[in-house]
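Just the heavy atoms: all of them, side chains too, but no hydrogens, waters or symmetry mates, feed the values below. On a predicted model such as this, the values are computed, not experimentally measured, just so you know.
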Amino acid sequence: MPRLTEQIMTHAGGLPEGTPVSAKGLLHLGKRAAVDQALARLAERGRLIRAGRGVYVSSVTGRYGTRAPSIEQAVHAFARQRGEIIVPNGAAAANILGLSTQVPVRSVYLTSGRSRSMSFGRQVVELRHAPRWQLALADRPAGTAVRALAWLGPESADTASRTLKRTLSPPDFSELVSAAPQLPTWLAQAIGKAAYGRCPSQP
């Protein structure tokens with residue numbers, strides 16, 4: 001019978017890159033206390049990376065050595081496993097859409113869960129709890145637009161909304177317009193002006 005640590009590594013090695021491993025998902029291999037201890041030992045030896053409290057990921061071995069998993073893949077896998085919505089923050093969204101040339105220095109994501117930090121090797125990812133409207137449409141282009149506009153703020157919303165009308169595909173911009181009722185008034189008005197030439201509430 002393989003040792004518990006080797007069983008855990010075999011299990012983790014069969015998962016897609018960045019998929020988190022936790023004691024609750026390994027209880028078929030042993031009792032909780034034993035699994036917790038084995039995970040801690042593997043992290044101490046560098047065979048697993050401790051991403052957060054009780055959460056671990058496997059290193060990835062390639063032709064140039066061992067590296068931490070892709071941040072994007074790890075965050076998406078964590079979101080699926082935890083049933084959370086986790087998306088890039090507004091600064092990153094604005095950069096993706098060409099509304100800002102500012103390149104975020106830190107990896108910050110918005111989440112429907114609690115705020116916390118995760119570590120992937122030397123890279124630290126900050127997860128910030130966000131209101132539901134900022135998580136609207138999740139990873140869809142219209143959702144990225146919502147978060148970019150939220151980050152830019154009321155002063156830039158009108159100009160940015162007009163830019164998005166030109167740069168988003170018609171279906172994506174229509175989806176953004178359809179989401180307006182669940183957004184703050186200032187943001188809904190800016191999107192309405194871009195879509196209809198004036199805010200629908202104006203005479």
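The nearest pair of heavy atoms linking Ser58 to Gly13 is OG-N, 4.5 Å. Nearest heavy-atom pair across Ser22 and Gly54 is CB-O, 3.3 Å. For the residue pair Thr144 and Ala93, the shortest heavy atom distance occurs at O-CB, 3.3 Å. Contact between Ala145 and Leu97 at its shortest, heavy atoms only, is CA-CD1, 3.5 Å. Closest of all the heavy-atom pairs between Trp186 and Gly153 is CZ3-C, 3.6 Å. Smallest separation of non-hydrogen atoms from Leu99 and Thr163: CD2-CG2, 3.8 Å.
Partner Arg147 forms a side chain to side chain contact (heavy atoms under 4.5 Å, CB included) with one of Val87, Ile96, Asn89 and no other, that one being Val87.
Listed for the Gln81 side chain is a donor-acceptor partner under 3.5 Å among the backbone atoms of Pro20. In this structure, the side chain of Thr19 does not engage the main chain of Leu15 through any donor-acceptor pair within 3.5 Å. Looking at Ser117, its side chain never comes within 3.5 Å of a backbone N or O of Glu126 through a donor-acceptor pair. Between the side chain of His129 and the backbone N or O of Ser115 there is no donor-acceptor pair closer than 3.5 Å.
Taken to the nearest 0.5 Å, the NE2 atom of His28 stands 6.0 Å off from the CG atom of Leu26. Residue Phe120 holds its CZ atom at 9.5 Å from OG of Ser70, rounded to the nearest 0.5 Å. Taken to the nearest 0.5 Å, the CD1 atom of Ile86 stands 4.0 Å off from the OG1 atom of Thr111. Note that CG of Leu176 is 7.5 Å distant from CG of Leu183, once rounded to the nearest 0.5 Å. The distance from atom OG of Ser169 to atom CD of Glu175, rounded to the nearest 0.5 Å, is 9.0 Å. Here Lys193 contributes atom NZ and Ser161 contributes atom OG; the two are 9.5 Å apart, rounded to the nearest 0.5 Å.
His76 is listed as a side-chain neighbour of Asp139, based on a closest heavy-atom distance under 4.5 Å. Annotation: side chain of Asn95 is not in contact with side chain of Gln102 (no heavy-atom distance under 4.5 Å). In this structure, the side chains of Val55 and Met118 come closer than 4.5 Å at one or more pairs of heavy atoms. At least one side-chain heavy atom of Tyr109 sits under 4.5 Å from a side-chain heavy atom of Ile71. Ile49 has its side chain within reach of Ser59: a pair of non-hydrogen atoms, C-beta onward, lies under 4.5 Å apart. No side-chain heavy atom of Leu135 sits less than 4.5 Å from a side-chain heavy atom of Val146. You'll find the side chain of Phe78 stays beyond 4.5 Å of the side chain of Val57, heavy atoms only. Between Ile8 and Leu39, some side-chain heavy-atom pair lies under the 4.5 Å cut-off.
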Derivation of the salt bridge (charged side-chain N to carboxylate O under 4.0 Å, His left out) call for Arg67 and Glu17: CA-CA 11 Å; Arg67 62 171 175 81; Glu17 179 178 338; 3.1 Å; yes
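Under 4.0 Å is where a charged nitrogen must lie from a carboxylate oxygen, and between Glu6 and Arg47 at least one such pair does. Salt-bridge check for Glu84 with Arg114: failed, with every basic side-chain N at 4.0 Å or more from each acidic carboxylate O. A salt bridge between Arg32 and Asp36 is present, with a side-chain N of the basic residue lying under 4.0 Å from a carboxylate O of the acidic one. The pair Asp172-Arg140 fails the salt-bridge criterion, with no side-chain N (NZ, NE, NH1 or NH2) lying under 4.0 Å from an Asp/Glu carboxylate O.
Residues Val35 and Leu42 fall within the same hydrophobic cluster, defined by Ile, Leu, Val, Met, Phe, Trp and Tyr side chains chained together at heavy-atom separations under 4.5 Å.
Sparse packing is recorded around CZ of Arg132, with 12 or fewer heavy atoms of other residues, nucleotides or ligands lying under 6.0 Å away.
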